[in-house]
Amino acid sequence: MRRAELAPGERAVVIGGGPIGVLIATVARSFGAEVAVIELDANRRGLIAGLGFTTIDPRETDQVAWVEAWTGGAGADAVFEVSGAAAAVLGATSLAKVRGTVVVVAIHPKPREIDLQRVFWRELRILGARVYQRADFETAVELIADGTIPSASLISKIVPLAETRAAFDDLEGGRAMKVLVDVRAGQETDA
């Protein structure tokens, strides 16, 4: 959020509604932005909508046309690419306004195509986001403490280390948002 310099009243699109995408959307909203989340998975879209966000299934809705209508033809002030999908990176520049910002948050396993013609014509700013500053951690703690971050909704379950494989199956099958692994659970301790 800090890198995007998103201001109250501006509009943000988050591509990818996993735990990080929902956190970005939540923080953007807490800073006064209007936020829409693009997500393929129906279960995640349901959870995200339950948190009060507008969600878009890009297979059913033309996301470019939707963002244009939502912004009165201007485009989003900031677009956060959190999905890690090649199509999302390629399409992100189509959602941003003139002199808007595209923030790449996802870790991509290989180089991706990007529409540099759109970057040029719209004078877009493209940023990567990986490292945090102390103030970011302090803000995160405050947002969790005051209930802004819906941590109970994001953490689907906590499992012992022995159930890690099943946890990955649940994540891959869309049956969980975030699974925490408690490496201490089930271990006997000597007192």
Side-chain angles (χ1 to χ4, degrees), residues 1-42 44-49 51-133 136 139-140 143 148-150 154 177:
M1 288 302 307
R2 177 180 40 79
R3 300 247 18 237
E5 299 175 357
L6 195 61
E10 291 186 331
R11 295 192 176 180
V13 173
V14 178
I15 305 172
I20 295 171
V22 173
L23 289 171
I24 290 169
T26 302
V27 173
R29 181 172 61 190
S30 77
F31 288 180
E34 293 182 52
V35 184
V37 180
I38 298 172
E39 173 56 46
L40 293 171
D41 185 86
R44 286 185 171 180
R45 278 195 317 276
L47 184 141
I48 297 162
L51 295 173
F53 292 102
T54 299
T55 62
I56 300 152
D57 180 345
R59 295 170 297 194
E60 296 179 7
T61 302
D62 180 332
Q63 62 190 13
V64 174
W66 188 92
V67 170
E68 295 248 340
W70 182 51
T71 62
D77 297 283
V79 177
F80 296 88
E81 198 300 290
V82 194
S83 72
V89 173
L90 188 57
T93 56
S94 298
L95 305 175
K97 73 175 191 174
V98 171
R99 295 190 177 161
T101 301
V102 175
V103 182
V104 180
V105 180
I107 299 171
H108 292 268
K110 59 185 178 181
R112 303 288 193 195
E113 288 187 36
I114 188 163
D115 186 345
L116 290 178
Q117 184 180 38
R118 183 79 173 189
V119 171
F120 169 77
W121 284 110
R122 289 258 167 153
E123 297 183 359
L124 299 179
R125 186 170 65 141
I126 300 175
L127 304 171
R130 183 183 65 86
V131 179
Y132 302 96
Q133 296 177 354
D136 300 328
T139 301
L143 293 173
T148 299
I149 300 295
L154 294 178
M177 175 64 84

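Any value given below was found using the heavy atoms of this structure, including those in side chains, with hydrogens, waters and symmetry copies removed.
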Exercise. Write down the atom of Gln63, the atom of Leu95, and the distance for their closest heavy-atom approach.
Key: O-CD2, 3.8 Å
Quiz item: Taking C-beta and beyond as the side chain, do Val22 and Val37 meet within less than 4.5 Å on heavy atoms?
Solution: no
Quiz item: How long is the gap from CG on Asp77 to CD on Glu5, to the nearest 0.5 Å?
Solution: 12.0 Å
Quiz item: With a cut-off of 6.0 Å (strictly less than), are more than 12 heavy atoms of other residues, nucleotides or ligands near CZ of Arg130?
Solution: no
Quiz prompt | Approximate separation, where rounding is to 0.5 Å, of Glu39 CD and Arg45 CZ | solution = 7.0 Å
Self-check item: Nearest-0.5 Å distance, CD of residue Glu34 to CG of residue Leu6
Solution: 10.5 Å
Quiz item: Would you say Val89 and Val104 make side-chain contact, with heavy atoms under 4.5 Å?
Solution: no
Quiz prompt | Separation of Thr26 OG1 from Met1 CE (nearest 0.5 Å) | solution = 10.5 Å
Quiz item: Which atoms form the tightest heavy-atom contact between Thr55 and Ala49, and what is the distance?
Solution: CG2-N, 3.9 Å
Quiz item: Looking at Ala4 and Thr101, what are the two nearest heavy atoms and their distance?
Solution: O-OG1, 4.2 Å
Exercise. Please report the shortest heavy-atom distance between Ala28 and Val35, naming the atom on each side.
Key: CB-CG2, 3.7 Å
Exercise. Give a yes or no on this: more than 12 heavy atoms of other residues, nucleotides or ligands lie within 6.0 Å of atom CZ of Arg2.
Key: yes
Self-check item: Least distance between heavy atoms, Thr71 atom then Gly75 atom
Solution: OG1-N, 2.7 Å
Quiz item: What's the shortest heavy-atom distance between Val82 and Gly21, and which atoms?
Solution: CG1-N, 3.7 Å
Exercise. May I ask you to test the Val67-Val79 pair for a side-chain heavy-atom distance under 4.5 Å?
Key: no
Self-check item: Distance (rounded to the nearest 0.5 Å) between Arg3 CZ and Arg125 CZ
Solution: 8.0 Å
Practice problem: Decide yes or no for Ser83 and His108: does some side-chain heavy atom of the first lie under 4.5 Å from some side-chain heavy atom of the second? | Solution: no
Quiz item: Taking everything shown except Leu51 itself, do over 12 heavy atoms lie less than 6.0 Å from its CG?
Solution: yes
Quiz prompt | Value rounded to 0.5 Å, distance of CG in Asp41 from CD1 in Ile48 | solution = 8.5 Å
